[in-house]
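All figures in this text were calculated on a predicted structure; none of them were measured in a lab.
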Amino acid sequence: SFREKIEIKIEKGSPNEHQIILNGQGNYDYKSKSYGDLVIVLKEKEHQTFTRRGYDLYITLDISIIEALSGFETHIKHLDKRELYIRTEEIIENGMVKVVKYEGMPRDNTNLLKGNLYIKFNVTYPKVISSKQKKLLRKLFEMKQMSDTTKQPCVLSDVNSESTQE
């Protein structure tokens, strides 16, 4: 058995299933009396933060309801270890997607052409807020205060898979 160490340069941004062909570096074929090609197929590892589609990157960012309404700033650690500074003062709706142009994967080895980074926002809500906080929110948003009534309200229940089946 013959072993040889081969060094391969993998370009940044190389896509999944990309093939690197090393001519004449494969097994020896006794019939043709020549060496075949060594074909290396890249397998992309799943990342815990980013998802890749082509040259574009996707990330989901959790923000609180207060941040969604009043603005926020944060940093995202990019794959190349840079910190991207994200800041907005606009109202962000749950599920909204924003793009940071040219912060995706490199399209060539010069790093000049890049895909985009898409950020999907997941707005989180507090599990509970006090009566005082509710009154303050209603006042802040100039909403009518809840009436103290003797009427019996309907019961609102959580929906589960059993109650939606007919």
When rounded to the nearest 0.5 Å, the distance separating NZ of Lys45 from CZ of Arg52 is 15.0 Å
Mind checking whether Tyr58 and Leu84 sit in one hydrophobic cluster, side chains of I, L, V, M, F, W, Y counted as touching below 4.5 Å?
-> no
Between Ile66 and Ile91, is there a shared hydrophobic cluster once you connect ILVMFWY residues whose side-chain heavy atoms come closer than 4.5 Å?
-> yes
Please name all residues satisfying side-chain contact (heavy atoms from CB on, under 4.5 Å) with Thr88, sequence neighbours left out, ordered by chain then number.
-> Phe72, Glu90, Ile92
Same cluster or not: are Leu57 and Met96 linked, directly or through other Ile, Leu, Val, Met, Phe, Trp or Tyr residues, by side-chain heavy atoms under 4.5 angstrom apart?
-> yes
Any salt bridge between Arg82 and Asp80, counting N to O under 4.0 Å?
-> yes
With the 4.5 Å side-chain cut-off for hydrophobic clustering, are Ile40 and Ile6 part of the same group?
-> yes
State the OH-CG distance between Tyr35 and Asp29, to the nearest 0.5 angstrom.
-> 11.5 Å
Looking at residues at least two apart in the chain, or sitting in another chain, which of them share a ring-ring contact (aromatic ring centres under 6.0 Å, His included) with Tyr30?
-> Tyr28
Counting only N and O atoms by type, is there a donor-acceptor contact under 3.5 Å from the side chain of Asp56 to the main-chain atoms of Gly115?
-> no
Which atom names give the shortest non-hydrogen contact between Phe50 and His78, and what distance separates them?
-> CZ-CA, 4.0 Å
Here the gap from Lys134 atom NZ to Lys132 atom NZ, rounded to the nearest 0.5 Å, amounts to 15.0 Å
When rounded to the nearest 0.5 angstrom, what is the spacing between CD1 in Ile86 and CD in Glu103?
-> 8.5 Å
Would Glu83 and Lys81 pass as an ion pair if we require N to O under 4.0 Å?
-> no
Name each donor-acceptor pair under 3.5 Å that joins a side chain in residues 116-128 to protein atoms two or more places apart or in another chain, with its distance.
residue, atom, partner, partner atom, Å
Asn116, OD1, Tyr102, N, 2.9
Asn122, ND2, Asp62, OD1, 2.7
Thr124, OG1, Ile63, O, 3.2

Start with the C-alpha gap between Leu38 and Ile21, add the side-chain angles, then the distance that decides, and say whether side chain to side chain contact (heavy atoms under 4.5 Å, CB included) holds.
-> CA-CA 6 Å; Leu38 175 62; Ile21 300 171; over 6 Å; no
Between CG of Asp37 and CD1 of Ile20, what distance do you get to the nearest 0.5 Å?
-> 13.5 Å
Go through the steps for Leu137 and Ile129 under the test side chain to side chain contact (heavy atoms under 4.5 Å, CB included), then give the verdict.
-> CA-CA 10 Å; Leu137 282 171; Ile129 58 174; 3.8 Å; yes
Distance-only, no hydrogens or angles: does the Gln25 side chain make a donor-acceptor pair with backbone N or O of Leu22 under 3.5 Å?
-> no
How many angstroms lie between atom CG of Asn27 and atom OG of Ser34, to the nearest 0.5 angstrom?
-> 11.5 Å
